[in-house]
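Here is the structure we will look at.
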Protein chains: 2
Amino acid sequence: MEKTLKNLKSILAANNYKLTSQRKLILDILLNNEGEHLSAEEVYNIVKKEDPGIGLATVYRTLELFCELGITQQLNFDDNCRRYELDTGEDHHHHLVCSKCGKVTEFNDKILEEFEKDLQIKHKFKVTDHRIKFYGYCEECQ
Amino acid sequence: MEKTLKNLKSILAANNYKLTSQRKLILDILLNNEGEHLSAEEVYNIVKKEDPGIGLATVYRTLELFCELGITQQLNFDDNCRRYELDTGEDHHHHLVCSKCGKVTEFNDKILEEFEKDLQIKHKFKVTDHRIKFYGYCEECQ
DNA sequence: TTTGGTGCAAAACCTTTGCATTCCT
DNA sequence: AGGAATGCAAAGGTTTTGCACCAAA
């Protein structure tokens, strides 16, 4: 299911959560910033422009809820905060992290899908997901 | 170069750092706990047994220094703290993170080495390293 | 001797929590 | 109306920092 504003209501309702203006706004921001990997603080700074009264705790609680509902995914780029992106469910993308400027870019692939089956057998580990980060230097920093 | 206690002195000297008893002890602990992924707090608790007067800040500073010198690597398993392991430089291993019990196991591979060359061309990204985490369920938790 | 390292305590961060109030349904 | 969500401020946990003292080179 797509994670649009229209679906938010039914996703929430299906899980006995309420549709609030704050939740709508935050999803809206995530939709308008696809490709970014926003931290709670960054979402807060953006959402404050629309709703100056919103609290940072609400942003944290909302992002946590969105992860629980599969709307977002948590990321970690070793920069001392948790980052979030929409979980589209379709494209399996990974991240290229520049060691110099810190820029994070994405690329799509399915390279590891058959490798996962191997792990199941060799290591008796039932894989549900994987995350790859490549470290190196982006075009500008090389 | 191997990361043994004997080499520590020359690695440090080559970078104008001093060989202190605290640094020796901490490297010793990392060597005795290969396969573990210790946090600063955990290293602190172990090292305190040998040197009760050591400070937590020293452990943090030492682990940071070791990373800078390529002696250790920082890991992040999304459990709210940074973890460290010796950087042997040879075996390229990755982690299997159990979503239920949190256990982290390792496996070796070289699967992505040729894939890195691809990235260089397609995304103009010069890869220096990569990190893969597989999420799923370990043998006991399936 | 000189420079860097340590321990301590305080500060800095990011994130979570308690509680009274407000808002959905 | 009733329960869930919010905002605020306080608390929690991890990591960093300032500074006086100490130790390695």
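The basis for the numbers below is simple: all heavy atoms, side chains too, and nothing from hydrogens, waters or symmetry mates.
- Residues B:His123 and A:Leu96 are in side-chain contact: their nearest non-hydrogen atoms beyond the backbone lie under 4.5 Å apart.
- Counting to the nearest Å, the P atom of D:dT15 and the OH atom of B:Tyr44 are 14 Å from each other.
- Put simply, B:Ser21 has no side-chain N or O that comes within less than 4.0 Å of OP1 or OP2 on D:dA23.
- One end of the helix from C:dT1-D:dA25 to C:dT25-D:dA1 points its axis 40° away from the other end's axis, with each axis taken from 5 pairs and the angle rounded to 10°.
- Looking at which nucleotide of DNA chain D each of B:Ala57 and A:Gly55 is closest to, the 5′-most match is held by A:Gly55.
- Nucleotide D:dA4 holds its P atom 17 Å from the CD atom of A:Gln22, rounded to whole Å.
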Open item on the list: Evaluate B:Lys24 against B:Ile26 for side-chain contact (heavy atoms from CB on, under 4.5 Å), listing each step before the verdict.
Closed with: CA-CA 6 Å; B:Lys24 273 192 280 191; B:Ile26 291 171; over 6 Å; no
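- When the nearest nucleotides of DNA chain C are assigned to B:Leu56 and A:Asn80 by heavy-atom distance, the more 5′-ward of the two goes with B:Leu56.
- With DNA chain D read from its 5' end, the first of the two nearest nucleotides for B:Glu41 and B:Lys9 is the one closest to B:Glu41.
- In this model, no donor atom of one side chain and acceptor atom of the other lie less than 3.5 Å apart for A:Glu106 and A:His94.
- In this model, the phosphate group of D:dA5 is not approached by any side-chain N or O of A:Thr20 to a distance below 4.0 Å at OP1 or OP2.
- Rounded to an integer number of Å, the gap from CG of B:Leu75 to C1' of D:dT14 is 17 Å.
- Here chain B contacts DNA chain C (any atom closer than 4.0 Å to a heavy atom, that is under 4.0 Å), and the contacts span C:dT3 to C:dC8 from 5' to 3'.
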Under 3.5 Å, which donor-acceptor pairs do the side chains of residues 53-71 of chain B form with other protein atoms, sequence neighbours left out?
residue	atom	partner	partner atom	Å
B:Thr62	OG1	B:Thr58	O	2.7
B:Glu68	OE2	B:Tyr17	OH	3.0

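- Note on ring orientation: taking the six-membered ring where Trp is involved, the planes of A:Phe77 and A:His37 are perpendicular (angle over 60°, cut-offs 30° and 60°).
- For the pair A:Tyr60 OH and D:dA11 P, the computed distance is 19 Å after rounding to whole Å.
- Applying side chain to side chain contact (heavy atoms under 4.5 Å, CB included) to B:Thr72 and the options B:Asp87, B:Leu30, B:Leu27 leaves one that passes, B:Leu30.
- Salt-bridge check for B:Glu139 with A:Lys126: failed, with every basic side-chain N at 4.0 Å or more from each acidic carboxylate O.
- Separating the CZ atom of B:Arg61 from the P atom of D:dC19 is a distance of 13 Å, rounded to the nearest angstrom.
- Ion pair B:Arg83/B:Glu36 not flagged as a salt bridge, since none of the NZ, NE, NH1 or NH2 atoms sits closer than 4.0 Å to an Asp/Glu carboxylate oxygen.
- The separation between A:Leu19 atom CG and D:dG3 atom C1' is 16 Å, rounded to whole Å.
- Going from atom CZ of A:Arg23 over to atom P of D:dG7 covers 11 Å, rounded to whole Å.
- Taking atom CG of B:Leu63 as the reference point, atom P of D:dT14 lies 15 Å away to the nearest angstrom.
- Between the side chains of B:Asp78 and B:Tyr135, at least one donor-acceptor pair of N or O atoms lies under 3.5 Å.
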